[in-house]
Amino acid sequence: MAVSIDLKAPDARAELAANALSAGSLASAAAEEKPSLIGLSREELGAALEAVGVPARQIKMRVAQLWHWLYVRGVADFSLMANVSKDLREKLDAAYTIARPEIVTEQVSVDGTRKWVLRFPAKGAGRPVEIETVYIPEEGRGTLCVSSQVGCTLTCTFCHTGTQRLVRNLTADEIVGQVLLARDRLGDFPDAATPAGAIVPTEGRYVSNVVMMGMGEPLYNFDNVKAALAVVSDGEGLALSKRRITLSTSGVVPMIEKAGAEMGVMLAISLHAVRDELRDELVPINKKYPLKDLLDACRAYPGLSNAKRITFEYVMLKGVNDSMEDARELVRLLRGIPAKINLIPFNPWPGSRYDCSEWDEIERFADYVNQAGYASPIRTPRGRDIFAACGQLKSESERMRKKDRDALQGAA
Ligand code: SAH
Ligand code: SF4
């Protein structure tokens with residue numbers, strides 16, 4: 001069902017009349033084969049400028065100009081870069097693209113959550129791919145849930161994405177592109193009338209937080225995620241504080257320390273079970289990196305402190321991991337780790353073999369953990385009606401059949 005929510009983007013309101021938009025109606029410029037300038041470091045951007053003949057002495061200045069247009073002003077078209085010479089704009093346009101990902105559908109939940117299915121062009125010999133990006137507005141902040149891979153190689157038994165085999169890693173431009181597109185659609189960038197060089201405030205934006213909690217395991221796509229988050233957190237561009245960026249991992253232990261040292265963002269761990277036997281089943285990567293190794297890596301996470309805690313995610317599965325004994329063991333396991341525990345009511349999907357714990361059980365569990373001194377918010381399921389909730393994401397190519405969707409809407 002479509003709802004009316006207050007969005008700055010003028011055209012966004014009209015679109016709310018139709019909850020799901022038909023393919024192509026919002027498509028940005030058709031994906032071209034030209035390399036993208038989005039997601040590059042300043043050095044790489046400099047090299048790209050050099051390649052189209054920008055003289056060495058101008059590179060630094062031109063990189064700064066482009067950076068401003070791309071990430072402060074959010075332009076998706078070289079011709080809008082008012083203080084860049086026409087000659088250079090044309091050269092850039094001939095060689096590169098800064099187009100947004102193509103929007104296949106944009107849906108708005110009754111609770112204001114938005115989900116975009118985005119299509120990216122084939123890379124190399126592959127086929128075009130589709131992923132999902134979700135925006136969750138809350139009181140005082142707005143969180144964008146970004147995907148890192150198309151599908152996932154891991155097969156967590158409660159996760160819909162885990163039933164889709166990995167198609168490929170997303171590139172840095174595709175990861176940053178999700179943030180740019182969301183900011184476009186929400187009206188987060190200044191409008192075209194804002195003069196070149198004007199100071200653009202970073203306060204009061206719709207996208208205030210980014211979580212790498214969409215499709216895929218971000219630590220299996222380390223380099224691209226690292227490059228993308230460096231752009232997203234760059235103080236002269238998108239300028240999201242690293243404290244407002246969270247990377248969630250199922251527990252790729254050897255990469256955790258490296259993530260802390262090289263990305264410096266907030267860490268979330270998909271824990272979900274407190275005994276190896278059960279975690280082996282729910283989160284199979286546990287067979288490779290068992291709980292002890294995982295928690296040791298957490299204790300050693302660079303920058304860990306009471307002000308910079310690790311979030312442990314715990315999906316509440318009825319009769320599986322939701323007993324008081326589990327709660328006690330959880331508290332015991334996490335002793336000494338500055339932590340916050342995020343209890344996630346299980347979100348069903350077609351063919352899922354679990355049920356969500358009873359609400360009373362979830363509250364009892366939360367109270368126990370809370371009394372042991374851990375913040376333990378219960379994550380309100382968001383966007384279930386548009387299948388945007390945690391663990392419900394899956395590519396368009398494997399989208400649910402209508403019958404399954406209708407059956408689940410009753411449950412949502
Ligand atoms: N692959 C990464 C990040 C994406 S998943 C990871 O596993 O951490 C984001 C969160 O949603 C994870 O904690 C995941 O375990 C959880 N999740 C997956 N399926 C879910 C479901 N059906 N219901 C509730 N949470 C789910
Ligand atoms: Fe992959 Fe995370 Fe889903 Fe596990 S929970 S299958 S790691 S996306």
Side-chain angles (χ1 to χ4, degrees), residues 113 131-134 136 143-167 169-170 175 178 209-222 225 229 245-253 255-256 259 265-273 278-289 294 297-298 310-318 320-322 340-357 362 377-384 387-395 398 400 408 411-412:
T113 300
I131 55 98
E132 301 185 349
T133 307
V134 177
I136 307 139
T143 303
L144 191 69
C145 182
V146 171
S147 292
S148 56
Q149 297 184 306
V150 187
C152 189
T153 50
L154 301 169
T155 50
C156 304
T157 47
F158 52 87
C159 175
H160 201 199
T161 310
T163 64
Q164 182 191 353
R165 68 181 175 84
L166 180 79
V167 180
N169 281 334
L170 293 179
I175 296 169
Q178 296 173 60
N209 293 59
V210 163
V211 293
M212 297 304 301
M213 293 190 189
M215 295 163 61
E217 167 50 60
L219 294 187
Y220 275 167
N221 185 15
F222 192 94
V225 169
L229 294 184
I245 302 176
T246 302
L247 181 146
S248 175
T249 177
S250 57
V252 185
V253 167
M255 304 304 271
I256 289 179
V265 296
M266 305 298 283
L267 179 68
I269 300 283
S270 293
L271 191 66
H272 308 314
L278 179 61
R279 197 163 189 272
D280 282 352
E281 182 190 323
L282 299 180
V283 188
I285 196 178
N286 193 69
K287 291 184 206 150
K288 207 162 168 191
Y289 308 116
L294 177 59
C298 289
I310 296 178
T311 301
F312 287 88
E313 296 159 284
Y314 197 93
V315 64
M316 298 300 291
L317 305 171
K318 187 176 182 173
V320 175
N321 65 354
D322 60 351
K340 176 174 127 179
I341 295 156
N342 218 331
L343 299 176
I344 317 176
F346 171 67
N347 293 305
W349 39 272
S352 57
R353 59 174 108 150
Y354 303 103
D355 294 316
C356 181
S357 307
I362 302 181
I378 303 171
R379 193 182 290 171
T380 322
R382 299 292 301 264
R384 275 189 182 178
F387 296 94
C390 307
Q392 292 186 314
L393 308 185
K394 197 169 177 183
S395 287
E398 302 196 30
M400 286 176 234
L408 271 177

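No experiment lies behind these values; they were computed from the predicted model shown. As the structure lists them, so they are numbered: ligands from 1, and atoms in each ligand from 1.
A side-chain donor from one of Tyr354 and Thr157 sits under 3.5 Å from a side-chain acceptor of the other. Side-chain contact, Gln149 with Asn169: a donor N or O sits under 3.5 Å from an acceptor N or O. Residues Thr249 and Glu217 have side chains that bring a donor and an acceptor to within less than 3.5 angstrom of each other. Side-chain atoms of Asp322 and Ser357 form a donor-acceptor pair, as typed in the model, at a separation below 3.5 Å. Under 3.5 Å, the side chains of Glu313 and Ser248 contain a donor-acceptor pair of N or O atoms.
Protein heavy atom at the shortest distance from atom 4 (C) of ligand 1 is Gly214 O, 3.2 Å. The nearest protein atom to atom 17 (N) of ligand 1, hydrogens excluded, is given as Phe158 CE1, 3.8 Å; this is a heavy-atom distance. From the protein, the heavy atom lying nearest to atom 1 (N) of ligand 1 is Gly216 O, 2.8 Å. Closest to atom 5 (S) of ligand 1, if we only count protein heavy atoms, is Met213 O, 3.9 Å. Among all non-hydrogen protein atoms, the one lying nearest atom 10 (C) of ligand 1 is Glu313 OE2, 3.6 Å. Counting protein heavy atoms only, atom 20 (C) of ligand 1 is closest to Gly391 CA, 3.2 Å. Looking from atom 12 (C) of ligand 1 to the surrounding protein, the closest heavy atom is Ser270 OG, 3.1 Å. Looking only at heavy atoms of the protein, atom 25 (N) of ligand 1 is closest to Cys390 CB, 3.4 Å.
Between Asn347 and ligand 1, at least one N/O pair is under 3.5 Å apart. Distances between N or O atoms of His272 and those of ligand 1 include at least one value under 3.5 Å.
Counting only protein atoms, the N, O or S atoms lying less than 2.8 Å from atom 3 (Fe) of ligand 2 are Cys159 SG, ordered by chain and residue number.
The two residues Pro218 and Met212 make their nearest non-hydrogen contact at CG-O, 4.0 Å.
Every atom of ligand 1 with a heavy atom of Ile344 under 4.0 Å away is listed here by number and element: 24 (C), 25 (N). Each of the atoms 6 (C), 8 (O) of ligand 1 lies under 4.0 Å from some heavy atom of Thr249. Within ligand 1, counting atoms from 1 as listed, the ones closer than 4.0 Å to a heavy atom of Cys159 are 18 (C), 19 (N). Of all the atoms in ligand 1, the ones that sit under 4.0 Å from a non-hydrogen atom of Val315 are 23 (N), 24 (C), 25 (N). Which parts of ligand 1 touch Trp349 is read off a 4.0 Å heavy-atom cut-off, strictly below it: atoms 22 (N).
Shown are Val134, Leu144, Thr143, Ile136; of these, the side-chain contact (heavy atoms from CB on, under 4.5 Å) with Val211 is made only by Thr143.
Here Lys288 pairs with nothing under the salt bridge (charged side-chain N to carboxylate O under 4.0 Å, His left out) rule; sequence neighbours left out.
A distance-only check finds a donor-acceptor pair linking the side chain of Asn221 to the backbone of Ser148 [under 3.5 Å].
Taking the six-membered ring for Trp, His272 and Phe312 have ring centres at least 6.0 Å apart.
Within the 4.0 Å heavy-atom criterion, neither part of Leu154 lies near ligand 1.
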